Number of protein chains: 2
Amino acid sequence: MQLNAFWRIIKLMKHAINQKPDYEKELRKAGVRITRPRRIILDILTSTEDHPDAMKIFHRAIEIDDSISLSTVYRTMNLLEEMGAIHRHAFNGGPSRFEQAHGEHHDHLIDVDTGDVIEFQSDKIEKLQEEIARALGYDIIHHRLELYGRKSKPSE
Amino acid sequence: MQLNAFWRIIKLMKHAINQKPDYEKELRKAGVRITRPRRIILDILTSTEDHPDAMKIFHRAIEIDDSISLSTVYRTMNLLEEMGAIHRHAFNGGPSRFEQAHGEHHDHLIDVDTGDVIEFQSDKIEKLQEEIARALGYDIIHHRLELYGRKSKPSE
DNA sequence: ATGCAAATGCAAATGATTTGCAAAAAGAAA
DNA sequence: TTTCTTTTTGCAAATCATTTGCATTTGCAT
C-alpha cells in the first residue's frame, strides 16, 4: 500500500485499524451500565463500514431485538458522542449520521449520487487550517471538511 | 491591505465587494415577481454582515412589515438559494443560516462561544482538495470547510 | 383598469430528535 | 440469589425546523 506524504486514503486501512476497542469496559469504567440495547447498538457501530443515521441503526437493531426503541437509539448516540466513542456528521444538512471514532482523524468525500462516504486525511490541509486560524486569532477546537463530488468519467 | 499568496481574510473586504447587486432586476429577468416580502428579505440579506437563520430574518422582517409570515421567509430562502443568490450553511448541524452569495468563494471559521462567523479563503487548500478528489476518482461539485474555534489567549 | 398566474398568510402536516413518566433491568450490597 | 437503589427503557406526547395545502391577495402584462 502506497502512502504519500501529502494525504492518505483511510478507507483501505480501516479494517486494520478496526480491531474493536473494548467499549463495554470503557463505558463501565465511566459508570455507564451495559444494557442489551446498548450492546447491540455498539455492535452495529463497531462492525459497519458505512455512516448510518439513527433510523438505519434502529432498523438494524430491531432485526436483532425487536423490542429496541428509536428513542433508545437516539439516547445512546448522544451518550456515545459525549463519551467520544462516535462522531456525528450532518452531511448536506440531512439527518445526523454516525461513525465509530476509530483512531485517526479524517475528513469525508461524499458521493452526491449515492450518499457513499469515502474517508481521507491530509496533513497538509490540517497544517494550513491551523495557520489560518492562528492568523485570525483563534485556536481550532474541531473542524469539518466535506467534499461533495461525483465519480469522474475517466474518458472525458 | 496586505494579501498573502496563501490565504486572504475576506471579512475586511466585504464592504468593498458588497455593492449590492441589483437582485430585483436579476430576479425579474428570471421570471420571478418582486413582491413586498421579497424586497424586504432581500434588503435584509444584502445589508447584513452576519449569517442569520430563518427565524432571525423573520424577526428583522416583521419589524419592517409585520404581515410577513415565516413560511414566506422559508420559501424565499429556497427560491434565492436555487437562483444562486444566497448560500445556506448548517453549522454544527443547527438550523440553516444564510448569506448573500457575494463574489468570492470562501470558507468559515465559527466562534464556538459566540456563534460569530469569520470568512476566509485559501487557494492552497482548494488546490489540495482538488488533488485529493481527483486521486479518489471524483470531481468536486462543492465543498464545505468549517473551522470551529475559540479566541486564543494571546499570553498563554 | 382587468385578468390570471404566481405568491402570500395561516394552519396543519412533516421529519428529525427530545422528553416525561411509569415500568423494567443493572449492578451493588446483603 | 434476593433485595434495594438507581439507571435505562419503551411508549407516547412534545419540540424544533421546515414544508405544504388551500383560500385569498397581489404583481404585472395586457
Side-chain angles (χ1 to χ4, degrees), chain A residues 23-44 51-83 85-98 115, chain B residues 23-44 51-83 85-98 115:
Chain A
Y23 282 125
E24 304 207 0
K25 188 165 280 177
E26 294 284 320
L27 291 180
R28 188 171 271 113
K29 189 156 37 176
V32 172
R33 291 184 183 175
I34 303 306
T35 63
R36 188 166 156 68
R38 283 179 182 164
R39 215 187 310 267
I40 291 173
I41 291 170
L42 232 20
D43 251 20
I44 292 171
H51 297 63
D53 60 24
M55 192 55 78
K56 200 164 279 176
I57 294 170
F58 173 60
H59 281 128
R60 292 181 195 172
I62 54 178
E63 248 165 78
I64 299 165
D65 175 348
D66 72 321
S67 74
I68 289 171
S69 82
L70 182 55
S71 20
T72 295
V73 173
Y74 277 109
R75 277 190 280 235
T76 303
M77 301 326 283
N78 287 337
L79 175 75
L80 295 177
E81 188 187 21
E82 272 163 35
M83 312 230 5
I86 61 171
H87 291 142
R88 173 193 303 262
H89 304 286
F91 302 132
N92 270 324
S96 293
R97 294 173 61 175
F98 306 91
Chain B
Y23 283 125
E24 303 208 1
K25 187 165 281 178
E26 295 283 321
L27 291 180
R28 188 172 271 113
K29 188 155 37 175
V32 173
R33 292 186 182 172
I34 302 306
T35 62
R36 188 165 156 70
R38 283 179 181 164
R39 214 187 312 267
I40 291 174
I41 291 170
L42 230 22
D43 252 19
I44 292 171
H51 296 63
D53 59 24
M55 192 55 76
K56 200 163 279 175
I57 294 169
F58 172 60
H59 281 128
R60 293 181 195 171
I62 54 179
E63 247 164 78
I64 300 164
D65 175 347
D66 71 323
S67 75
I68 289 172
S69 81
L70 182 55
S71 21
T72 295
V73 173
Y74 277 109
R75 277 190 280 235
T76 304
M77 301 327 284
N78 287 338
L79 175 76
L80 294 177
E81 188 186 18
E82 272 162 35
M83 312 230 5
I86 61 171
H87 291 141
R88 173 193 302 262
H89 305 286
F91 302 132
N92 270 324
S96 292
R97 295 172 61 174
F98 307 91

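A note on names: the letters A, B, ... follow the listed sequences, proteins ahead of strands, and every chain is numbered from 1. If you're wondering where the values come from, they're calculated on a predicted model, not measured in any experiment.
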Checklist entry - What integer distance in Å separates Phe58(A):CZ from dT9(D):C1'? => result 13 Å
Checklist entry - If the sugar-phosphate is the primed atoms plus P, OP1 and OP2 and the base is the rest, what is the B/S/- string for nucleotides 18-30 of chain D, using protein heavy atoms under 4.0 Å? => result BBBB-----BS--
What N/O pairs connect the protein and nucleotides 13-16 of chain D at under 3.5 Å? Give each pair on its own line.
none

Checklist entry - To the nearest Å, how far apart are Ile68(A) CD1 and dT8(D) P? => result 15 Å
Checklist entry - Is there any salt bridge (Lys or Arg N to Asp or Glu O under 4.0 Å) pair reaching into residues 65-80 of chain B, and which pairs are they, with sequence neighbours excluded? => result Arg36(B)-Asp65(B)
Checklist entry - Quick one: OG1 on Thr76(A) to CD1 on Ile86(A), what's the gap to the nearest 0.5 Å? => result 9.0 Å
Item to check | Separation of dT8(C) C1' from Asp66(B) CG (nearest whole Å) | outcome: 14 Å
Checklist outcome for this item: note: Glu82(A), atom CD; dT17(C), atom C1'; distance rounded to Å ~ 15 Å
Item to check | Nucleotide dG9(C), atom P - distance to CZ of Arg38(B) in whole Å | outcome: 11 Å
Checklist entry - Should Met77(B) and Tyr74(B) be marked as a side-chain contact (heavy atoms from CB on, under 4.5 Å) after you check the CA-CA gap, both sets of side-chain angles, and the distance that decides it? => result CA-CA 5 Å; Met77(B) 301 327 284; Tyr74(B) 277 109; 5.6 Å; no
Checklist entry - What integer distance in Å separates His59(A):NE2 from dA16(C):C1'? => result 14 Å
Checklist outcome for this item: Residue set satisfying side chain to side chain contact (heavy atoms under 4.5 Å, CB included) with Leu42(B), at least two apart, ordered chain then number -> Tyr23(B), Leu27(B), Leu80(B)
Checklist entry - Knowing that exactly one of Ile40(A), Ile44(A), Ile41(A) qualifies, which makes a side-chain contact (heavy atoms from CB on, under 4.5 Å) with Val73(A)? => result Ile41(A)
Checklist entry - For the residue pair Ile68(A) and Ala61(A), what are the closest heavy atoms and their distance? => result CD1-CB, 4.0 Å
Checklist entry - Once you round it to whole Å, what is the distance between C1' of dT8(D) and CD of Glu24(A)? => result 16 Å
Checklist outcome for this item: Taking Watson-Crick and G-U wobble contacts under 3.5 angstrom, with | marking pairs to another strand and [ ] crossing pairs, the secondary structure of DNA chain D is written ||||||||||||||||||||||||||||||
Checklist entry - Reckon Thr72(B) has a side-chain N or O less than 4.0 Å from the OP1 or OP2 of dG9(C)? => result yes
Checklist entry - In terms of the angle between their ring planes, are Phe91(A) and His89(A) parallel, tilted or perpendicular, with boundaries placed at 30° and 60°? => result parallel
Checklist entry - If only atom types and distance count, is the side chain of Asn92(B) paired as donor or acceptor with the main-chain N or O of Gly94(B) below 3.5 Å? => result no
Item to check | Reported NE2-to-CG distance for the pair His59(A) and Leu70(A), which is rounded to 0.5 angstrom | outcome: 8.5 Å
Item to check | Between C1' of dT9(D) and CD1 of Ile41(A), the distance in whole Å | outcome: 11 Å
Checklist entry - Can you name the salt bridge (charged side-chain N to carboxylate O under 4.0 Å, His left out) partners of Arg88(B), sequence neighbours left out? => result Glu81(B)
Item to check | Ile57(B) to Phe98(B) - nearest heavy-atom pair and separation | outcome: CD1-CD1, 4.0 Å
